[in-house]
Amino acid sequence: MSGALAGLPPESIRYITHDELLAMPQTEFTVTDDMNFTGATKIRGVKLEDLARTLGASPTSDMVVAICDDGYRANYPQAYLAAHHPVLVLEVNGQPPAGWPKDSVEHKYDMGPYMISNPKFTPSFQVLSHTDEAQIPWGVVRIEFRDEKIVFGAITPRGPHARDQEVQDGFRIAQQNCYRCHNSGREGGEKSGLPWDVLGAFAAKSPGDFAAYVHAPLSKNKKAQMPSNPQYDKGTLQALAAYFRTFSDTEAKKGKP
C-alpha cells in the first residue's frame, strides 16, 4: 500500500499481509460476468471503499489505484467506487492465490498475488461509443490511495481547444481506457512504454493513422499488444485524436501570442 496513508507522511509505503487483509471486514459473492473466469465463481475479499476508509488519509485519498506487475494500472475514482463497489480478491472458490485458475486468455499466467472483481457490473456511463468498462485487473501487487484531481490533472487537455466538447469527450474516454497502459510523467500505466506526449505527437502528425491504430492496432503493427477497440465509431476515434493533439508541441504553440 502506498500514497496518502492514514498516520504516515505522504508517499509512504506500508506492507499489509494476506492474513491482515482477511481480518478486515469481508464481502462474499458469486460473480457471473467477470471475464477473468470461465463460469460462476465464488469471490471473497475486501471492498476497495473499505480499504480506502481504513488505510487512506481522507480527504486526500479519494481515488484508489491498482498497480500490476506488468505496469498496468486500473484507476478507481469515486464515481466508479460508488457505482460498482470493486473488491480486492483474497479467495477464489475458497482458495488462496496459489489455488487460483490461470489467466482466461492464454491459460498460463498466475492471476495473483491479488486481483480485483466487481459483484455485478452494469455500465454507469457512455461517452459517444465508449461504454463504461469493468476494471478487473489481475497480477495486482500494489494499491495506492491518491488524490483524484492530481491523477487526472496530469492528463487534463491543454491549449486553445482544451474546452472543446470533442476534446472533453476524448479526455473522458482516455481517463478510463488509455490511462491504464500509457503514462504522463509518474501518473498512469507503464505497460505500453509509450507516454502521453508520444501519443500526442502521433495524433498531431497522422490523425488518420492514430485513429486506425486505436481501432485495430494489428492493422498497423503486427506485433502490437494493445487490445483493439472495434466498438469505437468515427466520432469516438476523432474525439480521441482531437484530445491527444492538445499534448503536441504544434497544438500548444497555437495558443501562444
Side-chain angles (χ1 to χ4, degrees), residues 3-4 59-65 72-84 123-135 144-192 194-217 226-257:
T60 56
S61 57
D62 58 354
M63 170 183 273
V64 180
V65 181
Y72 181 100
R73 292 193 181 203
N75 295 304
Y76 300 91
Q78 280 295 307
Y80 189 100
L81 293 172
H84 306 301
S124 62
F125 73 87
Q126 182 166 347
V127 178
L128 301 176
S129 60
H130 174 87
T131 303
D132 185 18
E133 298 177 348
Q135 306 300 303
E144 287 189 349
F145 304 106
R146 301 294 310 283
D147 185 328
E148 185 174 327
K149 290 182 180 179
I150 292 176
V151 174
F152 285 151
I155 59 167
T156 297
R158 307 168 182 172
H161 298 290
R163 295 185 179 278
D164 291 359
Q165 186 59 55
E166 185 177 49
V167 170
Q168 287 295 315
D169 286 342
F171 177 36
R172 182 70 182 89
I173 295 167
Q175 288 177 27
Q176 186 174 77
N177 191 341
C178 316
Y179 216 19
R180 296 180 287 197
C181 295
H182 300 275
N183 70 293
S184 178
R186 63 155 289 181
E187 307 295 352
E190 298 180 344
K191 182 175 181 178
S192 74
L194 297 175
W196 227 247
D197 56 351
V198 171
L199 298 180
F202 184 15
K205 183 178 181 179
S206 305
D209 287 339
F210 175 86
Y213 190 85
V214 173
H215 190 255
M226 173 178 155
S228 62
N229 295 281
Q231 76 279 18
Y232 283 2
D233 59 18
K234 183 177 180 180
T236 303
L237 295 168
Q238 288 177 337
L240 280 168
Y243 162 70
F244 275 105
R245 281 199 300 273
T246 71
F247 292 87
S248 72
D249 290 338
T250 301
E251 189 70 13
K253 289 177 182 177
K254 289 181 182 178
K256 296 181 179 180

- Task: Identify the heavy atoms of A154 and Y179 that sit nearest to each other, and give their distance.
- Result: CB-OH, 3.6 Å
- Note on the structure: Closest non-hydrogen atoms of M63 and E148, given as atom of the first, atom of the second and distance, are CE-CG, 3.7 Å
- Less than 4.5 Å apart, any side-chain heavy atom of Y232 and any of L240? yes
- Message: Given 3.5 Å as the limit, does a donor-acceptor pair link the side chain of Q126 with the main chain of T131, or not?
- Response: no
- Message: Salt bridge check, E133 against R180: does any charged N sit closer than 4.0 Å to a carboxylate O?
- Response: yes
- Task: State, without any angle test, whether Q176 and H130 hold a side-chain donor-acceptor pair at a distance under 3.5 Å.
- Result: yes
- Can you tell me how far NE2 of H215 sits from NZ of K234, rounded to the nearest 0.5 angstrom? 12.5 Å
- Item | Cation-aromatic face contact R172/F125, 6.0 Å, 45 degrees | yes
- Message: Measuring from atom CG of N177 to atom NE2 of H182, what distance do you get when rounded to the nearest 0.5 angstrom?
- Response: 8.5 Å
- Should the ring pair F247 and F244 be called parallel, tilted or perpendicular, given that the plane angle runs from 0 to 90° and is split at 30 and 60? tilted
- Query: Roughly how far, to the nearest 0.5 Å, is CG of L199 from CZ of R245?
  - Reply: 13.5 Å
- d(C178 SG, Y243 OH) to nearest 0.5 Å is 8.0 Å
- In short, V167 meets A242 closest at the heavy-atom pair CG2-O, 3.8 Å
- Query: Is the shortest heavy-atom distance from the side chain of P217 to the side chain of S228 under 4.5 Å?
  - Reply: yes
- Reported CD-to-CZ distance for the pair E187 and F152, which is rounded to 0.5 angstrom: 10.0 Å
- If we only count heavy atoms from C-beta on, is the Y213 to M226 side-chain gap below 4.5 Å? yes
- Query: For the side chain of D147 and the backbone of K149, is there at least one donor-acceptor N/O pair under 3.5 Å apart?
  - Reply: yes
- Query: Which atom names give the shortest non-hydrogen contact between W196 and A174, and what distance separates them?
  - Reply: CZ2-CB, 4.0 Å
- Give a yes-or-no answer on whether the side chains of Q168 and D164 include a donor-acceptor pair shorter than 3.5 Å. no
- Give the minimum heavy-atom separation between T236 and S129, together with the two atoms involved. OG1-OG, 2.6 Å
- From N75 CG over to R146 CZ, what is the distance, rounded to the nearest 0.5 angstrom? 9.0 Å
- Query: Under 3.5 Å, side chain of S192 to main-chain N/O of L194, donor-acceptor pair present?
  - Reply: yes
- Message: Does Y80 form a side-chain contact (heavy atoms from CB on, under 4.5 Å) with D132? I'd like the steps, not just the answer.
- Response: CA-CA 9 Å; Y80 189 100; D132 185 18; 4.3 Å; yes
- Message: Using only atom types and a distance under 3.5 Å, with no angle test, would you say the side chain of R158 pairs donor to acceptor with the backbone of T246?
- Response: no
- Task: Taking all non-hydrogen atoms of both residues into account, name the closest pair between G235 and L128 and its distance.
- Result: O-CD1, 3.8 Å
